[in-house]
Amino acid sequence: MGASGRPRWLLLGDVGFEGFYEDDIPLALCAEIEGLFVDLSPRPRERFTLVGCTPDGALADLLDRLPAEALGTERAWLGDISITGPPPPPGTPPSWWGEGLGDLVVLAQRPNLTMPETVDIDLDGFVHIYDRTDAVARPGDVTEFVLQGRDETPYGTCGDVTGVFRAQAAPPVPQVRLLGCRPETHLLTALDAVGRSTDQG
């Protein structure tokens, strides 16, 4: 309870069975909610591979230095790049606007086994998305990816990219405890049905 002795929070929810639902139904009053008002854990870094890459510009310069460097050190930092499709014909909008990768570090490079004179480049960093669970759709009509740095500086091309495109992920669900809770009818019904295979449960 708050300093006044009254419940601090009112929980509302959608309640209904067999196709009939009501919105904003009072479910409970409670003094505190433990575990709800917390920050998400830091977003983990992701791994990408530029497959069959012909590097250019700053990316090529970095790769020229990489074998003599300790992988993962600050000198292997690449920064931000964008991945787009080849430029469309004049007057035609692009069919795919591309994806951005940020805070990239070059981890390794090796010759590609099927495309002579190209390399595979392992990176870690982040995909620029609004939410960490967002899907990133693979373009269906792009057969070559164009790499660019800031201000559209050319970084080369590659035949494929792995680790970037993915389905929508399930949202992280926090573990929440209602403290000093006074359940209303609908929540009491659900609590009574816990462990039973019913609509109420």
Side-chain angles (χ1 to χ4, degrees), residues 1-50 72 74 77-85 93-107 122-140 142 145 148 150 161-201:
M1 300 292 175
S4 64
R6 297 177 181 176
R8 185 176 180 188
W9 303 103
L10 169 64
L11 275 66
L12 304 175
D14 300 337
V15 175
F17 309 103
E18 299 179 357
F20 176 76
Y21 289 87
E22 293 183 75
D23 298 329
D24 295 336
I25 300 300
L27 298 179
L29 294 167
C30 61
E32 291 294 343
I33 303 176
E34 185 179 90
L36 180 60
F37 305 107
V38 297
D39 293 329
L40 291 174
S41 59
R43 182 179 170 189
R45 294 181 68 84
E46 303 171 78
R47 294 289 295 269
F48 317 109
T49 300
L50 308 178
E74 186 176 350
W77 184 75
L78 179 62
D80 298 345
I81 67 171
S82 61
I83 303 170
T84 66
S95 60
W96 177 60
W97 291 100
E99 299 293 341
L101 306 182
D103 195 23
L104 294 174
V105 173
V106 178
L107 301 177
D122 295 330
L123 310 168
D124 84 354
F126 302 96
V127 182
H128 291 310
I129 47 180
Y130 177 75
D131 186 275
R132 67 173 71 187
T133 63
D134 284 348
V136 182
R138 175 182 286 273
V142 174
F145 295 91
Q148 297 178 327
R150 292 185 180 275
V161 182
T162 67
V164 173
F165 308 110
R166 78 288 298 272
Q168 180 81 25
V173 179
Q175 297 296 312
V176 174
R177 296 177 65 204
L178 306 179
L179 306 180
C181 183
R182 185 186 303 160
E184 299 291 335
T185 302
H186 290 293
L187 182 55
L188 285 170
T189 301
L191 290 172
D192 185 58
V194 168
R196 287 187 279 153
S197 189
T198 65
D199 287 341
Q200 287 81 5

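Nearest heavy-atom pair, W96 versus A137, reported as atom, atom and distance to 0.1 Å: NE1-O, 4.4 Å. In terms of heavy-atom proximity, W9 sits nearest to A31 at CD1-O, 3.6 Å. Between P44 and F126, the shortest heavy-atom distance links the atoms O-CE2, 3.6 Å.
Side-chain atoms of R177 never come within 3.5 Å of backbone atoms of E34 as a donor-acceptor pair (strictly under, hydrogens ignored). Using a distance-only test at 3.5 Å, with no hydrogens or angles considered, no donor-acceptor pair links the side chain of R132 to the main chain of A169. A donor-acceptor distance shorter than 3.5 angstrom exists from the side chain of Q168 to the backbone of A135, with no hydrogens or angles considered. Of the possible polar contacts, one joining the R166 side chain to the V164 backbone as a donor-acceptor pair under 3.5 Å is found. Judged purely by atom type and a 3.5 angstrom limit, D80 uses its side chain to pair as donor or acceptor with the backbone of D103.
In this structure the side chain of L123 never reaches within 4.5 angstrom of the side chain of T49, judged on heavy atoms. L107 is listed as a side-chain neighbour of R47, based on a closest heavy-atom distance under 4.5 Å. When side chains are defined from C-beta on, F48 counts as touching V127, because their heavy atoms get closer than 4.5 Å. Taking the side chain as every heavy atom from C-beta outward, T84 and P94 never approach each other to under 4.5 Å. In this structure, P183 and L27 have side chains that are not in contact, with every pair of non-hydrogen atoms separated by 4.5 Å or more.
For the atom pair CG of L187 and SG of C30, the computed distance is 10.0 Å after rounding to the nearest 0.5 Å. L11 contributes atom CG, which lies 8.5 Å from atom CG of L36 (distance to the nearest 0.5 angstrom). Distance CG/L104 to CG/L50: 8.0 Å, rounded to 0.5 Å. For the atom pair CD1 (I129) and CD (E46), the distance works out to 6.0 Å, reported to the nearest 0.5 Å. Interatomic distance, R138 CZ to T162 OG1, rounded to the nearest 0.5 Å: 8.5 Å. Summarising the geometry, atom CD belonging to Q148 is positioned 11.0 Å from atom CD1 belonging to I83; distances are rounded to the nearest 0.5 Å.
Enclosure of atom CZ in R150 is not indicated, since only 12 or fewer non-hydrogen atoms of other residues, nucleotides or ligands lie within 6.0 angstrom.
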